[in-house]
Amino acid sequence: MDADVIVVGAGLAGLVAAHELTSRGRKVALVDQENAANLGGQAFWSFGGLFLVDSPEQRRLGIKDSFDLAWNDWQGSAQFDRVDDEDSWAVRWARAYVEWAAGEKRSWIEGHGIKLLPTVGWAERGDLRADGHGNSVPRFHIAWGTGTGVVEPFVAHAEQAARDGLLTFHHRHRVDALLVEDGAARGVRGTLLAPDDAARGVASNREAVGEFELTAQAVIVTSGGIGANHDIVRRYWPERLGTPPAEMVTGVPAYVDGRMLDISAEAGVRLVNRDRMWHYTEGLKNWDPVWPGHGIRILSGPSPLWFDALGRRLPDPCLPGYDTLNTLRHLRTTEDIAGHDHSWFVLTRRMIEKEFALSGSEQNPDITAKDRGAVLRDRLFGKGAPAPVESFVRHGEDFVVADTVEQLVEKMNALTGKALLDPEEIRRQITARDLQLANAYSKDSQVQGIRNARRYIGDRLGRVATPHRVLDPEAGPLIGVRLHILTRKTLGGIQTDLDSRALGADGTPVEGLYAAGEVAGFGGGGVHGYNALEGTFLGGCLFSGRAAGRAAAGQTG
């Protein structure tokens, strides 16, 4: 045996599993197709959001949360409808995860040195129904250091375990097959890739220079999702979401290629819920890309007006920050706009200064660097948009700026090369919306949502602009933002039990084989069901990686 346990994938779930194993004295072979610069995988690039329930941060802000409320939200969002089959373990994983988020999770991450910002974000505000999709209250806790800060302690643990002789890094090792003998996992076989010193996230070469085989008592697959493989995204794009866009931007590095899903299936593992996926509708083309097709998501406050490609305001609940998949469904199933791959935000300079943030560790250098002074100076007391947002306004090809509606629409039409937008119709809709601001009450659902958001101190201070007329010259200039579909998360995958044991076609565990993180739908083959409540990507990697590492340690003891 080359190790007690082989972990396939050096992302967050793999690092957490390796930490659980080496902390118990097990020897680990950590195998990854990328170089050492990419330790932490996709999680390194994330904003660092963590879903927590009834946390001290929430209570200090006057947010009343509970397990019952969160579990109701989760079920309304997940809409599990395959409970006798593909969702049978996902439902159990979901409840266990919400219990963890309402209990031990906060102290567990703190025990690993992960600190949280004092504010709590309100992501996925939902479909406007009490029993439907969405977070009833703010639950999006951002880690100091963003995703980099979440990954950091587990990278440090792995490097220390390597110095202690308990962990061996196998970089540039691409797994092509799981070795299963007599119904039990015994190792992996694959291709040695040529050395490549590319920087983190940059696409590396796939030149084969040899082969390898490693054996162990157990194997944990933590290889991530499909977000960078548009062919797989299109292959499993569900009919309920209409047709996939002809052009999408990519929210993850090229190595998030989904290869290990089919490789696992070839070894006898059961894959479930492959039609469930999570793609954002507020993507930008990165003006300074790291990986091919690099896209960045706008994390918008609730105020920008959202128009389809033909210039009509999107219907409820397709509002900024509310319901990602309903918005995607509307854009891809409405007959006269499904042939267009974009939509539009129209907003004011005053809105963008207060309400625009960009997802990703590199787009939030103040939080990533854990610079409290910069956060206070730039986000709460500073004037103007955050520097990364301002850079996109200046350099990004998806932004246009003008003083009048007519000038703005002319530039928007020029950007797409087609006169799809009518300035008179855009002005009519903006004027109608502006008239709703004369009173503290309104029939416009978006205006209602803005006022509701400002009742929460976290939004009022740092996230939601004071309500104002879009056509108020003092709030200008006007800004138009072309939005693309951005690929991101896989919500289905390898079906696992609560110990992260991979299940075979007959529903029984494959001896010695485990799966965690996105490749397992973050647990059970689809813990989110159809919709994510956000802040659940990193948490799902932590929870399922921990379960896999502990269970594999028990097997190999």
Side-chain angles (χ1 to χ4, degrees), residues 247 249 281-288 295-315 318-320 327 331 336-337 339-358 383-438 444 446-447 450 464-485:
E247 180 185 1
V249 293
T281 49
E282 314 100 319
L284 302 171
K285 293 182 179 180
N286 194 344
W287 67 272
D288 186 20
I296 295 293
R297 185 201 176 196
I298 297 171
L299 300 171
S300 177
S303 299
L305 295 181
W306 203 336
F307 295 92
D308 66 25
L310 300 181
R312 300 167 302 201
R313 281 185 73 185
L314 301 192
C318 306
L319 303 170
T327 305
L331 294 174
D336 58 354
I337 59 172
H340 303 286
D341 293 341
H342 68 280
S343 60
W344 294 97
F345 276 165
V346 171
L347 66 163
T348 64
R349 165 59 69 171
R350 189 177 296 171
M351 288 178 190
I352 205 171
E353 290 177 349
K354 190 72 172 280
E355 300 202 7
F356 261 31
L358 301 171
K383 294 183 178 180
V389 173
E390 196 61 55
S391 293
F392 267 86
V393 176
R394 290 199 309 268
H395 305 298
E397 66 177 88
D398 296 312
F399 286 77
V400 294
V401 181
D403 291 322
T404 69
V405 171
E406 290 71 24
Q407 293 168 349
L408 187 74
V409 171
E410 182 180 3
K411 290 183 176 182
M412 293 163 73
N413 282 332
L415 201 58
T416 61
K418 297 179 180 180
L420 300 175
L421 305 176
D422 179 350
E424 292 185 7
E425 181 59 16
I426 296 292
R427 178 178 285 278
R428 183 195 67 77
Q429 294 174 86
I430 294 175
T431 300
R433 179 266 186 197
D434 282 357
L435 286 170
Q436 296 292 309
L437 293 175
D444 186 283
Q446 185 174 13
V447 174
I450 294 167
V464 183
T466 302
H468 61 274
R469 293 182 296 110
V470 174
L471 298 181
D472 180 357
E474 296 297 320
L478 298 171
I479 300 171
V481 187
R482 181 176 56 179
L483 306 174
H484 308 266
I485 306 302

Return yes if some donor-acceptor pair links the side-chain N/O of [X] with the main-chain N/O of [Y] below 3.5 Å, else return no.
X    : Y    : value
K411 : V401 : yes
E425 : L421 : no
D308 : L314 : no

Salt bridge present between E424 and R427 (N-O < 4.0 angstrom):
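Judged by the 4.0 Å cut-off on N to carboxylate O distance, E424 and R427 do not form a salt bridge.
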With salt bridge (charged side-chain N to carboxylate O under 4.0 Å, His left out) as the criterion, how do E353 and R350 come out once you've worked through the C-alpha distance, each side chain's angles and the decisive distance to 0.1 Å?
CA-CA 5 Å; E353 290 177 349; R350 189 177 296 171; over 6 Å; no
Which pairs of donor and acceptor atoms, one on a side chain in residues 477-485, lie under 3.5 Å apart (sequence neighbours left out)?
unit_1, atom_1, unit_2, atom_2, d
R482, NE, D398, OD1, 2.8
R482, NH1, L415, O, 3.3
R482, NH2, E397, OE2, 3.3
R482, NH2, D398, OD1, 2.9
H484, NE2, D398, OD1, 2.8
H484, NE2, D398, OD2, 3.3

Tell me, do [X] and [Y] make a side-chain contact under 4.5 Å, heavy atoms counted?
X    : Y    : value
F392 : N286 : yes
R297 : L358 : no
L437 : V447 : yes
E282 : P320 : no
T348 : H468 : yes
C318 : W306 : no
R312 : D336 : yes
S303 : L347 : no

Side chain to side chain donor-acceptor pair (under 3.5 Å) for T416 and H342? Distances and angles first, verdict last.
CA-CA 9 Å; T416 61; H342 68 280; 5.0 Å; no
Working for side-chain contact (heavy atoms from CB on, under 4.5 Å), residues Q429 and L305
CA-CA 9 Å; Q429 294 174 86; L305 295 181; over 6 Å; no
Crowded around Q436 CD? As in, over 12 foreign heavy atoms under 6.0 Å?
yes
Assign the ring pair H395 / W287 to parallel, tilted or perpendicular, where the plane angle (0 to 90°) is split at 30° and 60°.
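Tilted, since the angle between the ring planes falls between 30° and 60°.
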Using the six-membered ring wherever Trp is involved, compare the ring planes of F356 and F399 and label them parallel, tilted or perpendicular (cut-offs 30° and 60°).
perpendicular
Non-hydrogen atoms of Q446 and P304 that approach each other most closely
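Closest pair (atom of Q446, atom of P304, distance): NE2-O, 2.7 Å.
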